[in-house]
Amino acid sequence: MTTPLPIAAPLDDPLYYLANFRSVLAWILSHHRDLLSRSETDRLQQFDSLPRAAQALLVRLVMRKGTLFRLDKLNYPELGVPLDQALEPLFKAAWLDPQPVLALEDLFRLLTRRELVVVFARRLEQSGLPSSVSKGAMRDALTTQTLPPAPLHSWWPDTSTQLVEVTDTPLFERVRLLFFGNLRQSWSEFVLTELGHQRYEKVEFKRTSRAFQSRAEVDAYLHLQRCREALEQEVSLAEVLAAIPSETAVNPWLESRRGRLLYALGHKAERGGQLDLAIQAYIQSSHSEARVRWLRVLERQGQLTEAVELAERSLASPVPAAQREAIERLLRRVARKLGRSAPVADPRPVIPVMDLGLPPLKDVSVEQAVARYLTEPDTVLFYVENTLINGLFGLLCWSAIYAPLPGAFFHPFHAGPADLYRDDFVTRRQALFDACLAALDRGDYREYIVQTYEQKQGIASPFVHWPSLDRTLLELALQCIPADHLKRMFRRLLEDPGQHRSGLPDLVQFWPEEGRYRLIEVKGPGDRLQDNQRRWFDYCLAQDIPVLLCQVQWMEPE
DNA sequence: TGGGCGCCGG
DNA sequence: TTCACACACTCCC
DNA sequence: GAGTGTGTGTCTCCGGCGCCCACA
Ligand SMILES: [Mn+2]
Ligand SMILES: [Mn+2]
């Protein structure tokens, strides 16, 4: 007996959300059972044996924000039974706590300002605050008094309001993680898909394809997530750092999450002036930018010889271009400070520049202003930034991007493959990408791109931003940009899809009659090329792809 | 009382 | 509740 | 020029509604 892949239930079912939830549970119990503990499996099976209305109510609450709810605010007529009847089995089996203990913070989220004024009437009077006091001011005044957590009627003996707290939040979060492979997506994916607000590519993945291979990986993910939440709060950074695992994660994907977290912590520490703590975090981080930050801290602390030594050691192994350039700049800077001869910077290609004086236009961006200024009867411009080249790439390589590799797709709600930004993303699919790009050599790429454009219209993709890619633009691009130019730009995208997705010029200009085009980056006064924009310029110039930097000055009207 | 914001839900 | 870009500010040559 | 932090638009759908708050 095979469990069907969860798909969005039809909305004419009043308990459609329960149908969705149950299909996920069945999927998890069938395909991820080895990643659940015995007690988790038992608990999920207990859920399955609850009365239907109780299940539905619990799912409603699980889908909502937070874990605490007021019964007097719940309104779910579709349950078909009185609220008390749906609640009773949930209390009995301890899915809901009828007497939750509330911190002051919880109280302020659950009660209205008007109610809080009643609850804290005495304390407000003592503090000399009027009953018209705002919620924020009231909270500030009360937090200084360190009031201990307590059930609602300890705070407010006169109330008839009842609260409940969902008790198994960690279990439901774990289920969501197993299913989606992330905690960014939520149960609402189902209804959004059913409503047609989001459309996803249908990928025929193997049933063995999943995000996690072991329970240890799931635990590691959840632990890092908790550390990240602690980082967002105003918790002591040293405590958060101590909680982050100090050993490198075996799974490269988890290690990259650990590295990014350590980097974020270091950055926060650096901004808060805790430089030693920042360095501790950067040292452990595998994120490439962490090394640059570590070096910058050394430089700021005046530890110049240490910085040089570390910089040179860093450059001895492969470093992404952005970080390599930052380290090289730092080396030149520090060498000057040390009075040593600075290493010579690589010569940069000369960037073609057009200077324009334009009258300032109201409600029109500088990019639009240039586009209008350059428009002539024989030429047309579009403000596309990254969307054109990424879009053409995404359309041509659609079949490679959505190829059902193990671990790339494992539920029906993927905008793109789960491993898109991992190091081996392209190499795992090299033959597939080569096959897609071969259409550029054969010459049938136009038909293929247009066909994909029509067939996949509106389907979410990490490379195709549909609203920016209207048909006229697409056809002009295919008419005016030579295949080998596309191929060169796509090859660069494939070198590092994460880094090279951005930095493309603002405008594209077409001359349809001549079958000619150019890419134009617009810079207003006080703006400069960003590093990733300059690297695209360097590449295009080296590859004979026509690019132009357009520097705008505002002309004061006389 | 009206604007603004966040949450909910199909 | 992100990402990519523009913009504003500081410091130093 | 270089480094850094911040603002802005736009991707996550959009109407209804409760609530907060500033104002009259
Ligand atoms: Mn731009
Ligand atoms: Mn620009």
Side-chain angles (χ1 to χ4, degrees), chain A residues 8-17 20 59-61 63-66 69-70 72-78 108-117 132-139 182-200 232 260 267-268 270-271 289 292-293 295-297 299-300 325-326 328-330 332-334 336-337 342 345 348 365-367 383-387 390 413 415-416 421 458 460-469 498-506 521-534 536 552:
Chain A
L11 298 177
D12 51 16
D13 176 1
L15 299 186
Y16 70 91
Y17 52 90
N20 293 333
V59 170
R60 276 295 197 203
L61 300 185
M63 290 174 69
R64 287 177 55 169
K65 188 177 173 131
F69 303 95
R70 301 171 59 143
D72 57 349
K73 307 265 180 188
L74 299 185
N75 179 26
Y76 296 119
E78 79 277 7
F108 269 75
R109 238 177 302 116
L110 289 162
L111 303 192
T112 65
R113 194 199 68 87
R114 191 180 268 286
E115 291 166 332
L116 289 165
V117 169
S132 61
V133 67
S134 81
K135 220 172 172 176
M138 196 172 3
R139 188 192 342 241
N182 63 64
L183 290 175
R184 180 175 37 83
Q185 288 177 284
S186 67
W187 306 113
S188 64
E189 294 287 342
F190 283 86
V191 72
L192 289 176
T193 303
E194 185 62 16
L195 286 168
H197 286 133
Q198 289 176 11
R199 292 177 55 210
Y200 294 103
E232 324 261 307
R260 282 208 306 275
H267 206 37
K268 197 167 176 184
E270 198 184 338
R271 271 188 306 231
E289 187 64 21
V292 179
R293 297 306 324 157
L295 284 162
R296 280 289 293 146
V297 174
E299 185 191 11
R300 281 210 281 157
E325 290 175 4
E328 287 168 349
R329 284 197 296 263
L330 180 136
R332 284 193 289 279
R333 209 162 52 230
V334 172
R336 270 197 306 274
K337 287 186 195 170
R348 299 251 174 87
S365 69
V366 62
E367 293 87 358
Y383 182 17
V384 294
E385 286 190 328
N386 305 309
T387 60
N390 284 343
F413 309 103
Y421 297 121
S461 165
F463 293 103
V464 186
H465 185 244
W466 295 102
S468 315
L469 203 60
Q499 293 298 306
H500 297 164
R501 222 176 19 156
S502 60
L504 282 148
D506 294 314
E521 171 57 37
V522 177
K523 287 297 170 196
D527 190 14
R528 337 172 273 246
L529 275 186
Q530 298 171 34
D531 285 353
N532 59 345
Q533 293 174 330
R534 189 189 40 71
W536 263 112
V552 177

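Convention: sequence-line order gives letters A, B, ...; per-chain numbering from 1.
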Practice item. For A:Arg184, report the nucleic acid contact type (base, sugar-phosphate, nothing); a contact means any heavy atom under 4.0 Å. Key: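 A:Arg184: no heavy atom of the nucleic acid under 4.0 Å.
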Exercise for review: Assign A:Glu521 to base, sugar-phosphate, or nothing according to its heavy-atom contacts below 4.0 angstrom with the strands shown.
Suggested key: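 Touches sugar-phosphate only.
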So, does [X] get its side chain near the phosphate of [N], meaning an N or O under 4.0 Å from OP1 or OP2?
{"X": "A:Lys135", "N": "D:dC21", "result": "no"}
{"X": "A:Gln185", "N": "D:dT12", "result": "no"}
{"X": "A:Arg271", "N": "D:dT4", "result": "no"}
{"X": "A:His267", "N": "D:dT4", "result": "no"}
{"X": "A:Gln530", "N": "C:dA4", "result": "no"}

Point to revise | Distance, rounded to the nearest Å, where A:Leu330 contributes CG and D:dG3 contributes P | key: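 For the pair A:Leu330 CG and D:dG3 P, the rounded distance is 8 Å.
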Check your understanding: How would DNA chain D look in dot-bracket form, 5' to 3', counting Watson-Crick and G-U wobble pairs with both distances under 3.5 Å and writing | for bases paired to another strand?
Key -> |||||||||...||||||||||..
Review point. Tell me, for nucleotides 4-10 of chain B in 5' to 3' order, what letter each nucleotide earns: B for a base near a protein heavy atom under 4.0 Å, S for only sugar-phosphate near one, - for neither?
Key: ---SSSB
Point to revise | Nearest-nucleotide pick for A:Ser502, side chain only, options being C:dA6, D:dC20, C:dA4 | key: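 From the listed options, C:dA4 comes nearest.
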Review point. Does a distance-only test, which skips hydrogens and angles, find a donor-acceptor pair under 3.5 Å between the side chain of A:Arg528 and the base of D:dG3?
Key: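 Checked by distance alone, the answer is yes.
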**Study point:** First of A:Pro467 and A:Arg296 reached from the 5' end of DNA chain D, by closest nucleotide
**Key:**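 The residue mapped nearer the 5' terminus is A:Arg296.
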Exercise for review: Using heavy atoms to find the nearest nucleotide of DNA chain D for A:Arg70 and A:Glu270 separately, return the residue whose nucleotide is more 5′.
Suggested key: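 The residue whose closest nucleotide sits nearer the 5' end is A:Glu270.
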Point to revise | Closest non-hydrogen atom pair, A:Arg528 against A:Gln533 | key: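 Minimum heavy-atom separation between A:Arg528 and A:Gln533: O-OE1, 4.1 Å.
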Review point. Using the benzene-type ring in the case of Trp, are the ring centres of A:Phe413 and A:Phe190 under 6.0 Å apart?
Key: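 Yes, the ring centres sit under 6.0 Å apart.
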Point to revise | salt_bridge(A:Glu270, A:Arg300) N-O dist < 4.0 Å | key: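 Salt bridge between A:Glu270 and A:Arg300, a charged N being under 4.0 Å from a carboxylate O: yes.
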